[in-house]
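Just below is one structure, and these are the notes that go with it.
Remember, predicted model here, so these are calculated numbers, not experimental data. Lettering of chains follows the sequences in order, A, B, ..., and the numbering in each one begins at 1.
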Number of protein chains: 2
Amino acid sequence: MPRDVSSPAAPGDTLRARKRAATRLAIRRAAIDLALEHGYDNVTVDMICEASLVSQRTFFNYFGSKEGAFLSGAKALPPPDVVRAFIDGTGSSVFADLFTMIAGTVVDIDANLELFRARHQLIHQTPELLNQEKARIGETEDAFAGFVMDRFHFHGRTEADTPDLEDEARMVVALVFGAMRFVMQKWVAGNFTETREELVRAASGLIQRITANEHWP
Amino acid sequence: MPRDVSSPAAPGDTLRARKRAATRLAIRRAAIDLALEHGYDNVTVDMICEASLVSQRTFFNYFGSKEGAFLSGAKALPPPDVVRAFIDGTGSSVFADLFTMIAGTVVDIDANLELFRARHQLIHQTPELLNQEKARIGETEDAFAGFVMDRFHFHGRTEADTPDLEDEARMVVALVFGAMRFVMQKWVAGNFTETREELVRAASGLIQRITANEHWP
DNA sequence: GCATAAACTTGCATTCACTGCATATTTTCA
DNA sequence: TGAAAATATGCAGTGAATGCAAGTTTATGC
């Protein structure tokens, strides 16, 4: 099976790597096009293989499962130095810093806009895939919750002082991801025209409004 | 196939209904016990069927999928009148009202505590099941977001005034569910000893602390 | 009570996702 | 170029899931 099946195409890369990327892309394209045409459930792995000219075995070498060919590939975690900067960050607002970090990472997206949009459409019209996607996002949230915990610790907050510190971290992440979802939606709906700054500003306003105008129990 | 396969056992109910409930429970028990012993992936549907004395076909009549036998059964939505009360509610805090409504519903849980705990343990040690469970929770969140929207509308807030009203609703729900998760965790960890009031108070304090001490971007 | 309908269970055959293993085929690199 | 490493493929098998056409059990009207 391939050594690293998920690396994106690098221009001046070795032949092997470029072929790998091409195969990967061909399978994805075929999968998504077929599913948009016939519906996810009516597409078999064999159909995808035939359309993309690979054997079924190769398909499963690239994507461990049928769903794998349809979901976004990259792990979407920020590079380690960015994470470190966040953890050691002196910014007064965890929300602001976290939001900025995530926005910088996530909005990077696939170079291939057309494929990205096709996949987005497909996922959002296929409950099965949508659930998987949500699960993926959930895992990402867990990772970010870990970063927030690290930041708390770095700033001297411990479970000794605050027993439910981890819950606090999770809630912060949940809220920021809510805002992210909002951003992504607007971005997709608006045909990807807004700048990152505009989106961040809008989302930020939303969080502020919600939390400011509330009476707490 | 059974007419309504998911109804819980009613004491003075017809023989048929009681048998249905018994079969359902037997399958669940067998499934969870087997998985706790051998691991989810090493348990086949046939093994469950043999242990619970039903045919494979019957298994799939009851639970549409293998996973179905392991996940919590009920939809866990509050009864319509409670929902209506929430929507028309005059309470000044959506958070407080929503939290109270959810707490009242969710903490109801299965009559069978032992089975509940066994399932909980199994799910949290099986990534596959955990993802499914999260997806289920996600769907529930969607439903509640709908209720919050209805409440907004009822109180005269419209998308015309606030274009991102739905995002606001989703974030409210996300936050409250974060608190709920916290509550559930404490409840399970503490061997189900705390009263509902204690839990609600703790979660409420958590939300308050998080949002009060923040500087917003 | 009993016959008949309705609800429920089962067996069987089939499709499809997925895996392990052995065997080509291609790419790399000394 | 020729051996080694990386990929691709074929094949056989497992297990989940579904439709259909019987059986079997429970409910109901008389």
Length of the [atom1]-[atom2] vector between [X] and [N], whole Å:
X         : N       : atom1 : atom2 : result
Phe63(A)  : dT19(C) : CZ    : P     : 14 Å
Phe60(A)  : dG20(C) : CZ    : C1'   : 14 Å
Glu128(B) : dG15(D) : CD    : P     : 15 Å
Lys66(A)  : dA17(C) : NZ    : P     : 5 Å
Asn61(A)  : dA17(C) : CG    : C1'   : 15 Å

(Q) Tell me whether Asp142(A) is salt-bridged to Lys134(B), with the criterion being a basic N under 4.0 Å from an acidic carboxylate O. (A)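 Between Lys134(B) and Asp142(A) there is a salt bridge, with a charged N closer than 4.0 Å to a carboxylate O.
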(Q) Check this for me, if you would: do Asp88(B) and Arg151(B) make a salt bridge, where the nitrogen-to-carboxylate-oxygen distance has to be below 4.0 angstrom? (A)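 Here Asp88(B) does not pair with Arg151(B) in a salt bridge, since their nearest N and O are not under 4.0 Å apart.
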Q. Phosphate oxygens OP1/OP2 of dC8(C): is one of them under 4.0 Å from a side-chain N or O of Tyr62(B)?
A.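 The answer is no; no side-chain N or O of Tyr62(B) sits under 4.0 Å from OP1 or OP2.
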Q: Output the residues of residues 35-58 of chain A in contact with DNA chain D, where contact means a heavy atom of the residue under 4.0 Å from an atom of the strand; sort by number or write none.
A: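 Those residues are Val54(A), Ser55(A), Arg57(A), Thr58(A).
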Which atom pairs, donor and acceptor, lie under 3.5 Å between side-chain atoms of residues 29-36 of chain B and protein residues at least two apart or in another chain?
residue	atom	partner	partner atom	Å
Arg29(B)	NE	Asp33(B)	OD2	3.2
Arg29(B)	NH1	Glu114(B)	OE1	2.8
Arg29(B)	NH2	Asp33(B)	OD1	3.1
Arg29(B)	NH2	Glu114(B)	OE1	3.0

Q) Are the side chain of Thr58(B) and the backbone N or O of Val54(B) linked by a donor-acceptor pair below 3.5 Å? A)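 It does not hold such a pair.
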**Q.** Minimum heavy-atom distance Glu133(A)-Leu71(A), with the two atoms named
**A.**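 So the two residues come closest at OE1-CD2, 3.6 Å.
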Between protein and nucleic acid, restricted to nucleotides 27-30 of chain D and to nitrogen or oxygen atoms under 3.5 Å apart, what atom pairs and distances do you find?
residue	atom	partner	partner atom	Å
dA27(D)	OP1	Thr14(B)	OG1	2.1
dA27(D)	OP1	Leu15(B)	N	3.2
dA27(D)	OP1	Arg16(B)	N	2.9

Q: List for me each residue that meets side chain to side chain contact (heavy atoms under 4.5 Å, CB included) alongside Arg157(A), sequence neighbours excluded, and say none if there are none.
A: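 Phe152(A), Thr162(A), Leu165(A), Glu168(A), Arg209(B).
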Q. How do Ser65(B) and Phe59(A) order along DNA chain D: which one's closest nucleotide is nearer the 5' end?
A.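 Whichever sits nearer the 5' end wins; that is Phe59(A).
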Q.
Holding to ring-ring contact (aromatic ring centres under 6.0 Å, His included), I want the full list of residues that pass it with Phe60(B), two or more places apart in sequence or in another chain.
A.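 Result, ring-ring contact (aromatic ring centres under 6.0 Å, His included) vs Phe60(B): none returned.
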Q: Not counting sequence neighbours, which residues clear ring-ring contact (aromatic ring centres under 6.0 Å, His included) with Tyr40(B)? List them please.
A: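 Tyr40(B) satisfies ring-ring contact (aromatic ring centres under 6.0 Å, His included) with Phe70(B) once adjacent residues are dropped.
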